[in-house]
2 protein chains.
Amino acid sequence: MPSYNLCILGFGNVGQALVRHLQLKTTELREQYDITWRLTGVATRRMGWIADSDGLDTTSLLAGQLPPVSSALNVREWLSLAQADVLFELTSTDASTGQPAIDHIRTALEYGAHAITANKGTVVHAYEELNHLARERGKRFLFEATVMGGAPVFSLFQEALPATKVLSFRGLPNSTCNVIIERMEQGKNFSEALQVAQSLGIVETDPTLDVDGWDAALKLCAISTVLMGVPIRPADVQRQGVRDLDPETLRAARAAGKPFKLVASLERTANGVQARVQPEQIAAGDPLSGVNSGSMLGHFVTDMLPGLTVALHVPDDPTAGPDVTAYDVLADFLRAVR
Amino acid sequence: MPSYNLCILGFGNVGQALVRHLQLKTTELREQYDITWRLTGVATRRMGWIADSDGLDTTSLLAGQLPPVSSALNVREWLSLAQADVLFELTSTDASTGQPAIDHIRTALEYGAHAITANKGTVVHAYEELNHLARERGKRFLFEATVMGGAPVFSLFQEALPATKVLSFRGLPNSTCNVIIERMEQGKNFSEALQVAQSLGIVETDPTLDVDGWDAALKLCAISTVLMGVPIRPADVQRQGVRDLDPETLRAARAAGKPFKLVASLERTANGVQARVQPEQIAAGDPLSGVNSGSMLGHFVTDMLPGLTVALHVPDDPTAGPDVTAYDVLADFLRAVR
């Protein structure tokens with residue numbers, strides 16, 4: 001039975017949730033997938049390069065008891081000390097460059113490990129290069145967690161919907177904005193609503209990424225690049241966030257049964273795609289209407305299916321988002337090695 | 001490049017749509033999947049056992065110009081004359097026994113062909129046996145088209161959501177009933193609404209299968225058997241159809257923003273599952289609300305994802321249903337051989 005040495009770079013909420021999932025699923029992975037695993041490396045800027053090719057004690061690690069730092073000075077040396085088979089790249093996203101995550105993934109693939117990431121920047125800024133490198137090395141570069149963490153998007157088309165072409169996309173890929181809108185409908189102003197969302201732990205460290213639509217724009221770029229074959233960058237997206245929405249207008253729209261949501265859309269044009277993020281009213285019966293504030297949703301029109309919707313409903317709970325994102329990362333691991 | 005000999009048993013709307021899809025995707029299958037195909041057998045009770053291992057002329061066939069019938073006297077001889085690699089079993093469903101489709105699939109697997117079906121009866125009445133036989137012979141028994149034709153359900157969990165356990169299901173798996181309810185809301189009585197649905201070509205030959213909830217019950221049985229590991233039969237489903245719904249009540253519910261839909265649900269219990277089909281009111285924001293009359297939808301609660309919804313939106317059009325069902329059958333073919 002193959003055993004895989006796993007390394008996690010970036011050990012925040014998602015990385016910790018991933019280790020809990022791995023612990024929980026150990027028996028299932030062994031019995032149903034013939035897979036065993038050891039965590040042989042964990043690294044963050046704060047913790048340093050922890051590595052042990054015999055396997056780290058995950059329970060101590062989750063309790064905050066850290067083993068001594070290794071002699072590694074960089075990602076490459078760390079992967080080597082950890083004898084890594086898989087790198088989980090879980091550092092936070094730099095929207096404008098995708099760095100240093102892109103370098104981490106390049107290093108892992110060149111070292112000979114599968115690279116799995118939750119970092120949108122790597123897909124938006126380096127999909128072609130990293131995908132090509134992975135194929136060349138016979139490894140996988142997987143990133144299901146980057147868009148609608150928890151809901152299958154890339155694996156849905158790559159595995160469950162073969163020979164399908166995506167013609168257009170319309171969705172609610174950023175639940176944070178919809179939580180903010182829902183709180184504003186309930187009487188809060190924008191700043192108060194943002195504070196509520198922050199207290200739920202669902203806002204990016206830099207809140208402009210969420211509220212000005214950058215996060216949704218990055219996700220559109222990833223979908224356009226990977227599923228529509230049209231690489232676009234955030235600057236190509238017409239973008240309007242939720243900052244200037246007026247609570248009165250939002251309340252009236254909700255009362256009329258057509259609430260506002262931050263909608264992201266992609267349409268094929270003669271030369272490529274038109275990409276747009278903006279608040280829109282959603283009528284009853286619209287495929288985008290079956291959601292609560294915490295939901296993420298994508299609606300795809302394809303050449304074979306006139307309209308397919310995938311939605312993930314996540315409770316307003318600080319642990320729910322990292323948990324489902326970490327599930328996607330785990331699923332990518334199983335896809336990479338099976 | 002491998003070439004596959006395909007045989008279609010039952011050449012109604014879905015079978016014909018499958019041949020059109022195969023024609024349309026020929027280049028894509030060759031270039032992206034390294035697959036070529038020939039249709040070497042077609043059979044129906046009316047047409048007889050048509051077989052030609054050199055390949056039939058699909059365009060003539062779709063135009064109704066039939067080649068002479070072969071000397072085959074049964075499925076086994078027909079598959080042999082056609083040198084079949086894949087059987088598409090597309091005969092109509094016998095809800096109470098699953099026959100003769102089960103025998104057709106058993107014969108195909110024993111002969112050494114993959115068996116792909118749109119026939120719910122085969123999954124409900126013989127999943128364990130046929131799945132076991134397929135594994136034993138190194139072939140696949142696939143049936144994505146049996147539940148919510150077009151929307152990935154079985155392949156979603158088997159391929160895109162590894163290591164996930166389905167805890168409960170709630171959905172709208174029968175669009176026909178929801179078309180009938182919507183017409184009743186618009187002022188028609190039950191018989192008139194049924195006639196509209198029949199004129200759209202979306203009602204089973206025996207309409208009681210749809211309107212009394214048998215079709216939805218069969219789909220619940222398939223989901224429970226395959227995705228929850230609890231084999232149940234239609235008689236185990238608490239079942240109430242749409243026949244006795246009152247147009248006034250339906251209109252009032254719609255006006256109040258909580259329209260009725262025929263809802264099918266599965267809940268795990270101490271001993272197995274509780275399965276139920278019945279009309280229920282759907283409030284705004286419910287995962288089941290984002291649909292129009294022709295939509296099919298499934299909402300899954302799993303151990304890893306708190307709520308995942310998949311919905312397929314199909315226009316009220318006689319060709320739309322067979323087209324999406326035939327896509328599922330095509331996708332199963334690609335899964336079987338890749």
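Below, read A as the first sequence line, B as the second, and so on, with proteins coming before strands; counting in each chain starts at 1. Computed from a prediction, not measured in an experiment: that's the story for all the values here. For the numbers below, each heavy atom of this structure counts, side chains included, while hydrogens, waters and symmetry mates do not.
Residues of residues 27-38 of chain A that come within less than 4.5 angstrom of chain B, heavy atom to heavy atom, are A/Glu28, A/Leu29, A/Tyr33 in numerical order. Residues of residues 163-177 of chain B lying under 4.5 angstrom from chain A, judged on non-hydrogen atoms, are B/Ala163, B/Thr164, B/Lys165 in numerical order.
Looking at heavy atoms from C-beta onward, A/Leu308 lies in side-chain contact with B/Pro152 at the 4.5 angstrom threshold. Using a 4.5 Å cut-off on side-chain heavy atoms (C-beta onward), A/Pro306 and B/His313 make no contact. Counting heavy atoms from C-beta on, the side chains of B/Thr309 and A/Val310 never come closer than 4.5 Å.
Heavy atoms closer than 4.5 Å to chain A are found in the side chain of B/Asp303, but not in its backbone. For chain A, no part of B/Ala284 is nearby; none of its heavy atoms comes within less than 4.5 Å. Contact of A/Leu24 with chain B is made through the side chain alone, with heavy-atom distances under 4.5 Å. In this structure, chain B has no heavy atom under 4.5 Å from any part of A/Asp328.
For the options A/Phe154, A/Phe300, A/Tyr327, heavy-atom pairs under 4.5 Å to chain B are most numerous at A/Tyr327. When A/Leu161, A/Asp286, A/Val291, A/Val314 are compared by the number of non-hydrogen pairs under 4.5 Å with chain B, A/Leu161 comes out ahead. Note: A/Pro287 leads A/Ser155, A/Pro287, A/Ser295 in heavy-atom pairs under 4.5 Å with chain B. Ranked by non-hydrogen atom pairs under 4.5 Å with chain A, the options B/His299, B/Arg338, B/Met304 are led by B/Met304.
Taking all atoms of both residues into account, the shortest heavy-atom contact from A/Ser289 to B/Gly290 is OG-CA, 3.4 Å. Taking all atoms of both residues into account, the shortest heavy-atom contact from A/Ala160 to B/Arg335 is O-NH1, 3.0 Å. Nearest heavy atoms, A/Leu305 versus B/Gly150: CD1-O, 3.3 Å.
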### Query
Is there a side-chain contact (heavy atoms from CB on, under 4.5 Å) between B/Gln158 and A/Glu159 once you walk through the steps?
CA-CA 9 Å; B/Gln158 281 158 6; A/Glu159 307 198 32; over 6 Å; no

